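Predicted, not measured: the structure shown is a model, and the values here were computed from it. Start at 1 with the first residue, then count along the sequence. All heavy atoms count here, side chains included; hydrogens, waters and symmetry mates do not.
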Amino acid sequence: MTETATGSFDETMWNGLLHGGLGGTFMGVPKVELDREAICASGAKAVVYGFPFDATTISRSGANYGPRAIRETSVQFTNFQATFDFDLFAHLPLVDGGDCHVALGNTPKTFERVEADIAEIVAAGAIPVVFGGDHSVSIPVGKAAKREGTNPGWVQFDTHLDAAPNVGGEELNHCCTITRAVDNGYDPAKMVLVGISGWMNPKTELKYCRDHGIRVIWLEDIWERGTAWAVEQILERVGEEGFYLTFDVDALDAAFAPGTCAPTPGGMTMREAIEIVRGISPAGLIGVDIAEPAPSLDHSTRTQLVAGRIALEALASHAGAPRTPVYVG
């Protein structure tokens with residue numbers, strides 16, 4: 001509801017995005033209030049959170065519809081993975097905390113709200129699992145997911161370096177996830193960018209990564225040396241305190257993820273992505289976000305299905321899913 005000048009509330013007035021809010025929870029899991037006591041009482045070890053926001057995109061818009069679309073297509077998944085005889089919910093109980101209350105036209109205020117919500121999830125001992133939204137989602141979520149006094153790593157799947165100091169003077173932008181992560185206390189020596197490729201990486205951003213010693217695993221490295229090598233490189237870098245995982249769906253070839261703000265012809269295959277995510281997630285996740293799915297730009301549902309699948313693979317591997325099939329027929 002919206003407060004009027006007299007202090008009363010107008011129940012007929014909108015107070016946020018018309019496409020925000022729950023049309024249904026992710027995979028039908030219980031809805032929970034974003035309060036640490038409520039989350040603890042639910043027994044959840046991970047909390048889904050929607051970030052229907054793409055006000056910072058420099059390219060095509062539409063990622064604001066990502067959370068709702070991912071929830072809608074999540075009916076295509078169950079909590080059981082037959083290959084590994086693994087029940088995700090038995091090992092990692094999951095609930096849905098709903099969406100951020102976006103402050104229309106106000107990025108700093110929106111981010112303040114996100115940080116406050118994620119802080120409640122973290123205080124309850126649960127992992128935030130965030131569906132974007134443009135890649136600026138990583139700025140407030142990554143900041144709030146990092147507990148004071150800890151030194152986790154940062155792993156970002158992307159086509160783009162996202163290491164811009166600012167965009168037109170604005171520092172809260174989806175091209176600035178790496179720079180803001182460093183500003184928010186992440187150690188560049190424990191940061192890895194995975195799958196970077198293509199023709200949208202400015203000289204300034206490459207210089208920033210070089211100057212700060214941020215590890216870049218180029219897509220061509222994966223082609224030449226394989227996913228097992230990439231997993232080794234990432235695990236050597238992130239250390240033993242876990243890591244924040246952010247997966248921009250534009251890291252994937254446009255054949256797999258056409259519905260995104262800046263689709264990538266010739267990007268990573270879905271198989272490569274799954275193999276790497278499965279390989280690194282046992283090192284421990286402090287938070288996960290899936291960024292840049294823009295369902296209105298996809299004539300099918302493949303992009304949001306990809307987003308849901310990546311989240312499930314990360315959570316399952318974090319929770320101890322086997323790495324090889326357990327049954328041979």
Side-chain angles (χ1 to χ4, degrees), residues 2 13-23 34 48-72 97-119 128-145 156 158-181 183-184 200 202 204-205 244 246-251 257-264 287-298 303-304 307:
T2 299
M13 181 67 179
W14 53 87
N15 63 357
L17 300 170
L18 297 180
H19 60 265
L22 290 179
L34 286 170
V48 169
Y49 181 80
F51 189 84
F53 179 85
D54 70 350
T56 80
T57 184
I58 66 168
S59 186
R60 304 186 302 173
S61 60
N64 50 342
Y65 289 97
R68 173 162 290 202
I70 293 169
R71 288 187 176 104
E72 288 176 352
D99 286 353
C100 164
H101 293 293
V102 173
L104 301 178
N106 191 328
T107 301
K109 188 171 184 178
T110 297
F111 282 16
E112 288 175 8
R113 293 175 177 179
V114 173
E115 287 180 36
D117 288 341
I118 299 302
V129 182
V130 180
F131 295 132
D134 72 39
H135 211 165
S136 68
V137 61
S138 301
I139 298 173
V141 177
K143 181 179 179 181
Q156 180 162 319
D158 213 315
T159 283
H160 312 110
L161 293 167
D162 285 356
N166 62 76
V167 175
E170 294 293 332
E171 295 184 349
L172 301 179
N173 185 274
H174 75 149
C175 299
C176 304
T177 57
I178 292 298
T179 40
R180 298 295 82 80
D183 292 346
N184 290 331
M200 288 186 69
T204 301
E205 298 186 28
Y244 184 82
T246 172
F247 193 105
D248 187 328
V249 297
D250 71 25
T260 189
C261 301
T264 302
V288 181
D289 75 62
I290 312 295
E292 305 276 350
S296 62
L297 302 177
D298 184 348
T303 306
Q304 51 262 46

Worksheet item: From Arg68 CZ over to Asp99 CG, what is the distance, rounded to the nearest 0.5 angstrom?
Response: 8.0 Å
Item to complete: Answer yes or no: is there a side-chain heavy-atom contact under 4.5 Å between Ser136 and Thr107?
Response: no
Worksheet item: How about Cys176 and Glu171: do any of their side-chain heavy atoms sit closer than 4.5 Å?
Response: no
Worksheet item: Should Leu172 and Thr56 count as side-chain neighbours, where that means a heavy-atom distance under 4.5 Å?
Response: no
Worksheet item: If every non-hydrogen atom of Arg180 is compared with every non-hydrogen atom of Ala164, which pair is closest and at what distance?
Response: NH1-O, 4.3 Å
Worksheet entry | Donor-acceptor contact present, side-chain Asn64 to main-chain Asp54, <3.5 Å | no
Worksheet item: Which value, rounded to the nearest 0.5 Å, describes the distance between Asp162 atom CG and Ile178 atom CD1?
Response: 7.0 Å
Practice prompt. Might you point out which heavy atoms bring Thr204 and Pro165 nearest each other, and give the distance in Å?
Written response: CG2-CD, 3.9 Å
Fill in: Smallest separation among heavy atoms of Ala63 and Ala294, with atom names
N-CB, 3.7 Å
Worksheet item: Could you state the interatomic distance from CG (Asp134) to OG (Ser59), rounded to the nearest 0.5 Å?
Response: 11.0 Å
Worksheet entry | All salt bridge (charged side-chain N to carboxylate O under 4.0 Å, His left out) counterparts of Glu170, not counting sequence neighbours | none
Fill in: For Gly50 against Arg71, the heavy-atom pair lying closest together
N-NH2, 3.5 Å
Worksheet item: Within the side chain of Thr260, is there an N or O that forms a donor-acceptor pair under 3.5 Å with the backbone of Glu292?
Response: yes
Worksheet entry | Residues Thr179, Asn166; criterion side chain to side chain contact (heavy atoms under 4.5 Å, CB included); working and verdict | CA-CA 9 Å; Thr179 40; Asn166 62 76; over 6 Å; no
Response to the item:
When His174, His135, His160 are each screened for side chain to side chain donor-acceptor pair (under 3.5 Å) with Asp248, the one that passes is His135
Worksheet item: What pairs with Tyr49 under ring pair (Phe, Tyr, Trp, His ring centres under 6.0 Å), at least two apart in sequence or on another chain?
Response: none
Response to the item:
dist His101:NE2 -> Lys109:NZ (nearest 0.5 Å) comes out at 12.5 Å
Discussion item. Please give me the minimum heavy-atom distance between Leu297 and Ser61, naming the atom from each residue.
Written reply: CD1-O, 3.6 Å
Worksheet item: Just how far is it from atom CZ of Phe53 to atom CG of Leu104, taken to the nearest 0.5 Å?
Response: 9.5 Å
Fill in: For Thr264, the option from Asp250, Asp158, Val249 that meets side chain to side chain contact (heavy atoms under 4.5 Å, CB included)
Asp250
Worksheet item: Can you name the closest pair of heavy atoms from Pro67 and Pro52 and give their distance?
Response: CG-N, 3.8 Å
Worksheet item: For the side chain of Asn173 and the backbone of Val167, is there at least one donor-acceptor N/O pair under 3.5 Å apart?
Response: no
Worksheet item: How long is the span from the CZ atom in Phe51 to the CD1 atom in Ile118, to the nearest 0.5 Å?
Response: 9.5 Å
